[in-house]
Amino acid sequence: MKKKFYITTPIYYVNDKPHIGHAYTTIAADVLARWHRAQGHDVFFLTGTDEHGDKVAESAKKQGMGVEEFVEKNAAEFEKTFTNLNIRFDVFMRTTFPEHNESVQIFMRKLKDAGALYEGVYQGLYCKGCEDFYMEKDLIDGKCPIHNIPPEIVKEKNWFFKLESYLPRVRELIESGEIAVEPEARKNEVLGLFKQELKDFSVTRERVRWGLDFLGTGQKIYVWVEALQNYISAVGYGRDEKQFKKWWPADVHLMAKDIIKFHAIYWPAMLIAAGVETPKKIYAHGFFSLDGKKMSKSLGNVIDPNDLVKKFGADATRFLLLLQFPFGQDGDIKESKFVEQYNAFLANSIGNLVSRVATLVEQSGSTLPSRQDLDEKKILIKRFLKDLPQEIERMDFNAALSTIFTALKNLNEDIARDKPWEMEVGDEGRLSLLRGYVDGILEVARALEPFMPETSKAVIHQFTAKKITKGRPLFPRMS
RNA sequence: CGCGGGGUAGAGCAGUAGCAGCUCGCCGGGCUCAUAAUCCGGAGGUCGUGGGUGCAAAUCCCACCCCCGCAACCA
C-alpha cells in the first residue's frame, strides 16, 4: 500500500485579507505536500478558513455586509490568493460547510458522553457596547477602551472542558515524542507551559450569535474549539469512517508559533478525551519582521502576497519567501532585497544557465544523442543533491534551496572548464558534454518542483522536447 | 529573580573544542556559449564584554551588556 501523508495548515481567520504570513505557512506546506507526492505518496493537503465568531460578525457589520456575504467574499479571497501562489491543496475547508458542523456535533457529543464536559459559570467583565468580555488588563482606568464605560460583572453559564484531567497524558505524549513538537526549541517551550497554569476552559459561549450550535443547548461552540476540528471534519470524522481511517492521524500540523498552545495542548487533550488518535507532528515556524519592524496593520507594513506575485510571479515569490531565513526560526525580511535576490538566484543562476545551455544545444542542431552512453554529469549532479531529501523532510527549506543552487553553480563551473563553444558544433565530444549539461539541468528541475512548480515544468518541457531551442528567458533580469 | 530566541566579514546565515566557513554584495582579472549573465582571484571578522576550565574555546563553565518576541490586529 502507498504511504499516506496528511498535512494541514491552520485554517485562516477570515476577519481580514490574506497577508504574507498566511502565504508563508501555506507555501511551506505546499512544498512538503509536493515533495511527498513526488515520492509517490498518497497526499492529502488541507487548508482553509475559520469563519465563525464575534470578531467576524463585527467586521462584517463594520463593512455594512451580512455575515454570510462577508465570509463568502473573504474566504474566496484566501482561496484565490493561494491559487495565485500555485498552492496545490486537496481541500479548501471552510468552517461554514455543513459537513464541518456535522462532524463537530458528533465530536462534541463524544466529549460530552465521555464525561469530559461539565457545566460551570464563567464570570467576566462585560461591556454592553462591545458585546464582549474584557480582561482586567485590557481596561483603561477600569473602563472599556472603546466605549469608555465601566464594564459590568456578568456571569454566564458555560460548558467547560476538563483540560486538567488530560494534561498528564498530553505531556507524556509530547515528552516521548509520540506527538513530535518541532523545532526542538518549541517543544521546550510547550513543556514549559505545563509548569504554568493550564486550566479547564469553557467551550461554549452564551452571547455569541455567529457560530455553531452546541448540541441544541442554545449556546454556541467557542470558535477555537470548533475550528481545530476542521482537521478531522475535512477527512470525514463521524461521517465517512473509511475516509477518516485512511487519513487520520495527521502527519503534520504546520503553523506559526503563535498558535502552538492550541495545537500542542488543547487539541491533543480534546482528541484523547474523545478517543481519537493524536496527530504525529506539530511544527511551528517563526515569525518574520519586515525591515526590522514587527508586521502589523497599525504600522501599515503588511505585504499583500498578491502584489509579490504580480511583480515576481508565483514561483519567484515562493522562492524568495522561503529563502530569507531558516524555516522554524524568526527572521527579518527586507523587501528591498527581493529584486537583488531575484537577480542573483533566479535570473543569473538558473535562468542564465538554461539560456546558455539551450543556445549551445541549438547551435548543435537542437538534438542530442540519447542518454544511455554518457552520463557522468548527471551522476555528479545527483551527488550534489543527495542531501536534499533529508533537508526537505526536516523542513530545512533554506538548506534545501542552497543545496540546489550549489548544484547549479557546479554545472556552471563545469561548462566554463569544458569550453564546449571551442569545439565544432557537430563534434561528438561536444554533443556528449551538452547531453551531460542537459541531464544535469533536468535533475535540478525535478528537485526544484516542490519549490517552483512552474519553472520546473517549463524547464523539463524545454529540455525534453524533440528540438531543444532557446526560448524566452525564464527569469528576465529586473532592475 | 518572569518565559523564550539571538549577538560570527557590509548584509543574511552555518559552524557545540583542534589552523574561522557559506551565500549575496564589493574590488581586480579572464571568457564571450549565456539574461552586463558566467569563470578565476582578492579585500573584509580581536566569533557581544570580562573572567574561568582545557594542550587546545565561536564551541564547555560563571558573571555582565545589548537586541527581538511573549498586549492588540496577526502566519
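Residue numbering restarts at 1 for every chain, and letters A, B, ... go by the order of the sequence lines. What you see is a predicted model, and the numbers here were worked out from it, not measured in a lab.
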Trainee: Take atom CD1 of A:I415 and atom P of B:C40, then tell me their distance rounded to the nearest Å.
Mentor: 12 Å
Trainee: Please give the nucleotide sitting opposite B:G18 as a Watson-Crick or G-U wobble pair, both distances under 3.5 Å, or none.
Mentor: B:C55
Trainee: Write down the partner of B:G41 under the Watson-Crick or G-U wobble criteria, each distance required to be under 3.5 Å.
Mentor: B:C27
Trainee: Given B:C73, B:A75, B:A37, identify the nucleotide with an atom nearest to the side chain of A:N348.
Mentor: B:A37
Trainee: Write down the distance between CG (A:N343) and P (B:C26), rounded to a whole number of angstrom.
Mentor: 11 Å
Trainee: Working to the nearest 0.5 angstrom, can you tell me the gap between A:L411 CG and A:T406 OG1?
Mentor: 12.0 Å
Trainee: Categorize A:Y13 for me: base, sugar-phosphate, or nothing, with a 4.0 angstrom heavy-atom threshold over every strand shown.
Mentor: sugar-phosphate
Trainee: Check the chi torsion on B:G10 and let me know: syn if it falls within 90° of 0, anti if not.
Mentor: anti
Trainee: Determine the contact category for A:E340: base if any of its heavy atoms lies under 4.0 Å from a base atom, sugar-phosphate if only primed atoms, P, OP1 or OP2 are that close, otherwise nothing.
Mentor: sugar-phosphate
Trainee: Considering only B:C24, B:U38, B:A34, which nucleotide approaches the side chain of A:K470 most closely?
Mentor: B:A34
Trainee: Mind checking if A:S402 touches a base, just sugar-phosphate, or nothing, with heavy atoms under 4.0 Å?
Mentor: nothing
Trainee: Do the side chains of A:D30 and A:R34 get close enough for a salt bridge, i.e. N-O under 4.0 angstrom?
Mentor: yes
Trainee: Which nucleotide, B:U32, B:A75, B:C40, lies nearest any side-chain atom of A:W421?
Mentor: B:U32
Trainee: Could you check A:F475 against A:N398 and say which one's nearest nucleotide on RNA chain B is further toward the 5' end?
Mentor: A:N398
Trainee: In whole Å, measure the gap between the C1' atoms of B:C31 and B:C19 for me.
Mentor: 35 Å
Trainee: Can you tell me how far the CZ atom of A:R186 sits from the CE atom of A:M255, to the nearest 0.5 Å?
Mentor: 11.0 Å
Trainee: When you check the phosphate oxygens OP1 and OP2 of B:A37, does a side-chain N or O of A:R477 lie under 4.0 Å from one of them?
Mentor: yes
Trainee: From C-beta outward on A:K337, which listed nucleotide comes closest to its side chain: B:A11, B:C33, B:A37?
Mentor: B:A11
Trainee: Students often get this wrong, so: under 4.0 angstrom with heavy atoms, is A:K257 touching a base, only sugar-phosphate, or nothing?
Mentor: sugar-phosphate
Trainee: Counting any heavy atom closer than 4.0 Å, what does A:A347 reach on the DNA or RNA strands: base, sugar-phosphate only, or nothing?
Mentor: base
Trainee: At 4.0 Å (heavy atoms only), tell me whether A:L474 reaches a base, stays on the sugar-phosphate, or touches nothing.
Mentor: base
Trainee: Hey, is the side chain of A:N15 poking within less than 4.0 Å of OP1 or OP2 on B:C73, counting only N and O atoms?
Mentor: no
Trainee: Taking A:R417 first and then A:E413, would you say they form a salt bridge - that is, a charged N and a carboxylate O separated by under 4.0 Å?
Mentor: no
Trainee: Do you know which of A:E226, A:R94, A:Q229 makes side chain to side chain donor-acceptor pair (under 3.5 Å) with A:H100?
Mentor: A:E226
Trainee: If you check the A:H285 side chain, which of B:A75, B:U23, B:U35 turns out closest?
Mentor: B:A75
Trainee: Using atom C1' of each nucleotide, how far apart are B:A34 and B:U16 to the nearest Å?
Mentor: 44 Å
Trainee: Compare the minimum distances between each of B:A37, B:C33, B:A75 and the side chain of A:T359, then state the nucleotide with the smallest one.
Mentor: B:C33
Trainee: Keeping the roles fixed (side chain from A:R318, backbone from A:F451), state whether a donor-acceptor pair exists under 3.5 Å.
Mentor: yes
Trainee: By nearest heavy atom, map A:R356 and A:L323 onto RNA chain B; which one lands nearer the 5' end?
Mentor: A:L323
Trainee: Considering only the C1' atoms, how many Å lie between B:A9 and B:A71, rounded to the nearest integer?
Mentor: 38 Å
Trainee: Taking only the P atom of each, what is the distance from B:C13 to B:U8 in whole angstrom?
Mentor: 9 Å
Trainee: Side chain of A:D258 only, heavy atoms from C-beta on: which candidate in B:A75, B:C40, B:A34 is closest?
Mentor: B:A75
